Q: 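Sharing a structure, written as structure tokens. Questions coming.
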Amino acid sequence: MPQTHTTSTTSTAGAVGVLVRRTVRGASALRGGRSWRPTPYQVFGFAFFLAMSLAYWAVPLCCDAGQHAAVVERLKANLLHPRHPMADLPGAGSPYYSPYTAAQGAFARLTGLGGWEVVRLAGPLNLLVLLTGIGRFVRVLTPRPWAPVLALGAMTLLWGTERAWWSGYLSLMSMTGNLGYPSAFAIGLTFWTWSLTGVRARGEGAGGEGAGAPPSAPGLVRYVGPSGLPGFAGYAGIGALYGLILLIHPITAAAAVLGAVAFVAGWQRGMAAVAVRWGVTAGVAALVAGCWPYFDVFALAGDESVDWMHRRLYEHLGGQFWLALLGLPALWLRWRRGSWRDPLVLLFTLDCLFVAYGWVSGRYTYGRILGLTLVPPQFALAVELAAPRPWGRARRVLGGATAVGACVGFLTVQGGAVVPRALDPIGLEQPSHWPSYAWVARHVGKGEVVISDGHFAPRSIPGYGPNLAAPIWPDPALDERERERRLADVRAYLSDTSTRAERTAIARRYHAHWLLLTRWKTVPEEAVVVAWSRGTGEVLARIG
């Protein structure tokens, strides 16, 4: 006799399951009639994972990738006491030596892979953490099955019509270069940690849901009991994750903490009764961060050495982010339906205040959270447009505007990330293509010191193992005044007016034995040319 069964599946990527109702006959009825069907987010998330991984591997690593590859190389050489990432100096105190990069260094030692290969392989891993984190986080906000798909689309397309390319910015275009960075892993871990925080905050509230929490619905992740962790263990585990994010990418941790405050303040009820539990979370986070032996993460709060370079973050806000403003009506609707305590509303407010403080105070580094500042409007828009039909007029208008905005973002900035130039009929903007310096690594040994000019070479060479006489980027492991002195010496060495005696003194001071010069520079008389690049015209010469 036929039997009717209703089954529910749950996505491992964090998306809500799809209800399947069917009539079961014969042998299927004896097995209970259970069937499985992938959720929309599983389908689109898997397709996005494949496409983005291929796009990331197709583009030569550039920009900060040389720095991150250099960190892996130094840890591969000495896991416990790595040298400075870019110079022949001690590396104690460098924040680049985080748990994430320590794991990469250990992996490099076990496999024999180089820094560039490890950074390249990290891209798909970070993308997997990011995609599963997005799915889990959106599921805490709503049970609507299409919401995670729309959230992923909004997060990657709704930025602006000018390229925004910084570590921690995860638009479609920037992913082609940034997926292998520690910031991408930290952001994915942030989404996971926000979801756990939201589940606890809502579950501990009055009646199981606090103010601003979404209504009870099948498939919505909610806290029931200790979730398999007795007593304070769950809160301690969440704290350990926040501490890990702080060590991996401190500026992302600032945004992560603002998210924690938004969820706890928005959904938590009876704060006096549970303040101790969230105190355990904060205490464990501080303990995990404070016990890391490679550097003191709390000392970075007063470090202003990189603020000057981040001023540019504030100079093109309109062109880089205006499409994300399409999410503001959705945030306003959440505020009207719930209260100011809606977590996404709170989070957006806190993020904007934090970014504004960075501008007013001159601590421009705080602007690095701008990428995550877009998450509340982007995800609120996704939740709103995932509502079942029929739609009212306002939602139809919002949906149409969002579709137009996504097309504008794709055609002006983002599309070239996934559309190869050979298949591009309209000339989409393409990712940056930096030259490879593997040809230099064939001649220069690991740890040897190079003096170089130009833009690409000094940012790339350390990723193969050699050192620079003057590091390009500030690092707390090296006093900024000393770094400036080194940069001045390199400029003096490369000056057309320098004498042989002056050049020899500088080379001996920093134990430099190699020159890598652009085609506009004249090779000094005491240098012997060893190799040159047909692609860039750069010349490698040995000195001393």
Side-chain angles (χ1 to χ4, degrees), residues 59 61-68 85-86 95-96 155-184 186-187 249-255 258 300-325 348 351-375 377-378 409 412-414 416-417 429-434 453-460 470-476 478 480 483-484 487 491:
V59 177
L61 291 175
C62 72
C63 311
D64 294 349
Q67 174 86 349
H68 297 301
M86 300 191 107
Y96 288 101
M155 192 192 77
T156 55
L157 294 177
L158 296 183
W159 286 67
T161 47
E162 295 181 16
R163 179 183 294 197
W165 187 294
W166 286 86
S167 174
Y169 285 17
L170 292 179
S171 63
L172 203 63
M173 177 62 74
S174 60
M175 279 188 181
T176 60
N178 297 349
L179 269 183
Y181 294 0
S183 58
I187 291 174
H249 203 243
I251 194 62
T252 295
L258 294 178
L300 299 178
D303 183 20
E304 302 179 2
S305 60
V306 295
D307 284 332
W308 60 272
M309 72 173 64
H310 289 112
R311 182 184 175 88
R312 289 179 295 164
L313 287 166
Y314 291 88
E315 293 176 352
H316 303 283
L317 293 182
Q320 293 179 352
F321 302 127
W322 71 272
L323 288 175
L325 299 179
F348 185 64
D351 284 344
C352 289
L353 291 174
F354 191 83
V355 171
Y357 174 75
W359 171 257
V360 172
S361 65
R363 300 300 304 274
Y364 302 116
T365 306
Y366 293 168
R368 288 281 295 276
I369 75 163
L370 278 165
L372 282 172
T373 302
L374 306 187
V375 165
Q378 289 168 341
T412 55
V413 177
Q414 313 299 343
E429 183 176 357
Q430 294 292 314
S432 300
H433 283 71
W434 281 31
D453 69 329
H455 179 79
F456 303 122
R459 290 163 174 80
S460 301
I472 295 297
W473 305 119
D475 191 319
L478 175 63
E480 186 62 10
R483 191 181 75 90
E484 291 292 342
L487 288 171
R491 288 192 294 269

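Keep in mind that this is a model prediction, so the values were computed, not measured.
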Q: Does the ring centre of Y169 sit less than 6.0 Å away from the ring centre of W159?
A: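 Under 6.0 Å, so yes.
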Q: Do you see a donor-acceptor pair shorter than 3.5 Å between the side chains of S167 and D64?
A: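 On atom types as modelled, these side chains do not qualify, holding no pair under 3.5 Å.
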Q: Do F321 and L158 have side chains that approach each other closer than 4.5 Å (heavy atoms only, starting at C-beta)?
A: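 In short, these two side chains do not touch, never coming nearer than 4.5 Å.
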Q: Can you tell me how far the OG atom of S183 sits from the CG atom of L372, to the nearest 0.5 Å?
A: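 One gets 9.5 Å once the value is rounded to the nearest 0.5 Å.
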Q: Any chance you could measure L374, atom CG, to M155, atom CE, to the nearest 0.5 Å?
A: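 Interatomic distance, L374 CG to M155 CE, rounded to 0.5 Å: 10.5 Å.
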Q: Is there a donor-acceptor contact under 3.5 Å from the side chain of Y314 to the main chain of V355?
A: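 Looks like yes, one N/O pair under 3.5 Å.
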Q: Could you state the interatomic distance from CG (L313) to CZ (R368), rounded to the nearest 0.5 Å?
A: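 Atom-to-atom, L313:CG and R368:CZ are 7.0 Å apart.
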Q: Compute both the distance and the angle, then confirm whether R459 meets the cation-pi test with W473: under 6.0 Å from the six-membered ring centre, within 45 degrees of the axis.
A: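 Checked: cation-pi criterion met.
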Q: Judged by atom type as modelled, is there a donor-acceptor pair below 3.5 Å linking the side chain of R483 to the main-chain atoms of P471?
A: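 Indeed, once roles are kept as given, a pair shorter than 3.5 Å links the two residues.
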Q: Any donor and acceptor pair, going by atom type alone, linking the side chain of Q320 with main-chain N or O of R163 inside 3.5 Å?
A: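 Between the backbone of R163 and the side chain of Q320 there is a qualifying donor-acceptor contact (under 3.5 Å).
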Q: Please lay out, stage by stage, how W322 and T161 fare under the test side chain to side chain donor-acceptor pair (under 3.5 Å).
A: CA-CA 8 Å; W322 71 272; T161 47; 3.0 Å; yes
Q: Evaluate the side chain to side chain contact (heavy atoms under 4.5 Å, CB included) criterion for residues E480 and L478: first the C-alpha distance (whole Å), next the side-chain angles of each, then the deciding distance (0.1 Å), finally the verdict.
A: CA-CA 6 Å; E480 186 62 10; L478 175 63; over 6 Å; no
Q: Between Y181 and A65 (side chain of the first, backbone of the second, donor and acceptor by atom type, cut-off under 3.5 Å), is there such a pair?
A: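 Indeed, once roles are kept as given, a pair shorter than 3.5 Å links the two residues.
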Q: What distance do D351 atom CG and L258 atom CG have between them, rounded to the nearest 0.5 Å?
A: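 Between D351 CG and L258 CG, I get 5.5 Å after rounding to 0.5 Å.
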Q: Will you find, in the side chains of W166 and S174, an N or O donor that is under 3.5 Å from an N or O acceptor?
A: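 No, S174 and W166 have no side-chain donor paired with an acceptor closer than 3.5 Å.
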Q: Short question: side chain of H433, backbone of P431 - any donor-acceptor pair under 3.5 Å?
A: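 Indeed, once roles are kept as given, a pair shorter than 3.5 Å links the two residues.
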Q: With side chain to side chain contact (heavy atoms under 4.5 Å, CB included) as the criterion, how do L370 and L317 come out once you've worked through the C-alpha distance, each side chain's angles and the decisive distance to 0.1 Å?
A: CA-CA 9 Å; L370 278 165; L317 293 182; 3.6 Å; yes
Q: Any donor-acceptor pair under 3.5 Å linking the side chain of H316 with the backbone of R312?
A: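 No, the answer is negative, given that no donor and acceptor are paired below the 3.5 Å cut-off.
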